[in-house]
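So you know, we letter chains A, B, ... as the sequences are listed, proteins then strands, and number each from 1.
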2 protein chains.
Amino acid sequence: MEKKPELCRVDDALSILVGKWKPIILLHLLQKGTLRFSELKRSLPGITQKMLTNQLRELEEEDIISRKVYPQVPPKVEYSITKYGKTLEPILEAMHEWGTKHTLHKKNKVNSKASS
Amino acid sequence: MEKKPELCRVDDALSILVGKWKPIILLHLLQKGTLRFSELKRSLPGITQKMLTNQLRELEEEDIISRKVYPQVPPKVEYSITKYGKTLEPILEAMHEWGTKHTLHKKNKVNSKASS
DNA sequence: TCCTTTAGTATCTTTTTGTATACTATATCA
DNA sequence: TGATATAGTATACAAAAAGATACTAAAGGA
């Protein structure tokens, strides 16, 4: 671990990943490479169009994903993970692994409190 | 990488780490093990007492840190990283490493746009 | 002619986060 | 006697993130 927390660069990665739907959007794009807007929407039950657009725009802004518009009617827009975006994969993987391993931790704490 | 984004557990880790001061607080505690409230405050220029208390409470709630009160006047309260909290270290490390490596990426993008 | 599809935008409201500022108790020190 | 240090709480406010809902264009099909 870095010996100088004051030089902390954790927030650089964190600020890109923070957003209610960003991690799951990235997981889908990392898995499939490219997805249409409507495919993403169908993959994310509960998301509104506004939120999806908004999260995609922010990821695009950071050069994590790219957007390709096909001049058709009805419109077709494809989103792909960029090379740079792929560098986030180890972080997402680490968090997913952690989450999978420790899902029960909090629950156990709550239960042991509740039963005391 | 997990092949089923719909079983995504990334948010479990993310929700613990999200908070303006949490990562840096954790880095300090991971480095030193234990710190007093006032030591933490001095280590975090710009943080208000309310925010520090608040972030510490949330981390304590998640069992990432523990709080020990010494019955003295003036009061003394020590915060330590828990064993469970230490399991977050690889994630923080991955993010810090990513941030360090890619700090220049965005800047370069902005510059190349600005100069076009 | 009207309905459907796609990928959005525009508004408004609610919820969540973060900031600013003032206040507290109590032992010790000058 | 009055200032200082510690670890907070209380209150009000501002800003950011998220949610709900309605609206758009334009080709193709029934």
Side-chain angles (χ1 to χ4, degrees), chain A residues 8 10-26 28-29 32-62 64-81 106, chain B residues 8 10-29 32-62 64-81:
Chain A
C8 169
V10 170
D11 290 337
D12 297 356
L14 213 48
S15 69
I16 288 175
L17 262 16
V18 169
K20 184 157 182 191
W21 304 88
K22 284 179 192 172
I24 186 90
I25 287 172
L26 289 175
H28 276 101
L29 287 176
K32 306 271 187 179
T34 297
L35 285 169
R36 292 185 62 174
F37 184 87
S38 54
E39 292 175 317
L40 276 167
K41 192 164 185 314
R42 271 190 289 275
S43 307
L44 306 168
I47 198 171
T48 62
Q49 244 150 338
K50 188 201 163 184
M51 276 306 286
L52 180 52
T53 303
N54 165 274
Q55 303 279 286
L56 290 170
R57 290 285 183 285
E58 290 182 13
L59 289 169
E60 197 195 348
E61 186 90 353
E62 297 288 348
I64 303 301
I65 64 175
S66 66
R67 178 171 181 269
K68 184 172 181 189
V69 182
Y70 293 82
Q72 303 180 353
V73 168
K76 174 177 174 183
V77 179
E78 281 182 353
Y79 291 90
S80 319
I81 193 90
K106 196 181 173 183
Chain B
C8 169
V10 171
D11 289 338
D12 297 353
L14 213 47
S15 69
I16 288 175
L17 262 17
V18 168
K20 185 157 181 190
W21 305 89
K22 284 179 192 173
I24 186 89
I25 287 171
L26 289 176
L27 290 183
H28 276 102
L29 285 177
K32 305 270 187 180
T34 296
L35 285 168
R36 293 185 62 174
F37 184 88
S38 54
E39 292 174 315
L40 275 167
K41 191 162 185 313
R42 272 189 289 276
S43 309
L44 306 168
I47 198 171
T48 61
Q49 243 150 340
K50 190 199 162 185
M51 274 307 287
L52 181 52
T53 302
N54 166 275
Q55 303 280 286
L56 291 170
R57 289 287 183 285
E58 289 181 13
L59 289 169
E60 197 195 348
E61 187 90 351
E62 297 288 348
I64 304 301
I65 65 174
S66 66
R67 178 172 182 268
K68 184 170 183 191
V69 183
Y70 294 82
Q72 303 179 352
V73 169
K76 175 177 171 181
V77 179
E78 280 181 351
Y79 291 91
S80 320
I81 193 88

dA20(D) P sits how many Å from Leu52(A) CG, rounded? 15 Å
Under 4.0 Å, counting only non-hydrogen atoms across every strand here, what does Tyr79(B) touch: a base, just sugar-phosphate, or nothing? sugar-phosphate
Rounded to the nearest Å, what distance is computed from the CH2 atom of residue Trp21(A) to the P atom of nucleotide dG19(D)? 7 Å
For Leu40(B) against His28(B), the heavy-atom pair lying closest together: CD2-CB, 4.3 Å
List the atom of Trp21(B), the atom of Met51(B), and the distance in Å for their closest heavy-atom pair. CD1-CE, 3.8 Å
Assign each of Gln49(A) and Pro75(A) the nucleotide of DNA chain D bearing its closest heavy atom; nearer the 5' end lies the nucleotide of Gln49(A)
In whole Å, what is the span from the NZ atom of Lys76(A) to the P atom of dA25(D)? 24 Å
Whole-Å distance between dA7(D) P and Glu78(B) CD? 9 Å
The side chain of Thr48(A) is closest to which nucleotide in this list: dA20(D), dA10(D), dT6(D)? dA20(D)
From the list dA12(D), dA20(D), dT6(D), which nucleotide is the closest neighbour of the side chain of Lys50(A)? dA20(D)
Taken to the nearest whole Å, CD1/Ile47(B) to P/dT6(D) is 16 Å
Shortest non-hydrogen contact from Gln55(B) to Lys20(B)? OE1-N, 3.6 Å
Close side-chain approach of Leu26(B) and Leu17(B), heavy atoms under 4.5 Å: yes
CD1 of Ile64(A) to CD of Glu58(A): how many Å apart, nearest 0.5 Å? 12.0 Å
With heavy atoms under 4.0 Å as the rule, sort Gln55(B) into base, sugar-phosphate or nothing. sugar-phosphate
Heavy-atom pair of closest approach, residues Leu59(B) and Ile25(B): CD1-CG2, 4.1 Å
Could you tell me the separation between the CZ atom of Phe37(A) and the P atom of dT24(D), rounded to a whole number of Å? 18 Å
To the nearest angstrom, how far is Arg57(A) atom CZ from dA16(D) atom C1'? 20 Å
Heavy-atom contact window of chain A on DNA chain C, given 5' to 3' at under 4.0 Å: dT5(C) to dC12(C)
Less than 3.5 Å apart, which donor and acceptor atoms pair up between the side chains of residues 74-81 of chain A and the rest of the protein, not counting sequence neighbours?
from     : atom 1 : to       : atom 2 : distance (Å)
Glu78(A) : OE1    : Tyr70(A) : OH     : 3.0
Tyr79(A) : OH     : Arg57(A) : NH1    : 3.4
Tyr79(A) : OH     : Arg67(A) : NE     : 3.2
Ser80(A) : OG     : Thr34(A) : OG1    : 3.0

Would you mind classifying the nucleic acid contact of Met51(B) as base, sugar-phosphate or nothing, using non-hydrogen atoms under 4.0 angstrom? base
Given DNA chain D, 5'-ward residue of the pair Val73(B) and Thr53(B), judged by closest heavy atom: Val73(B)
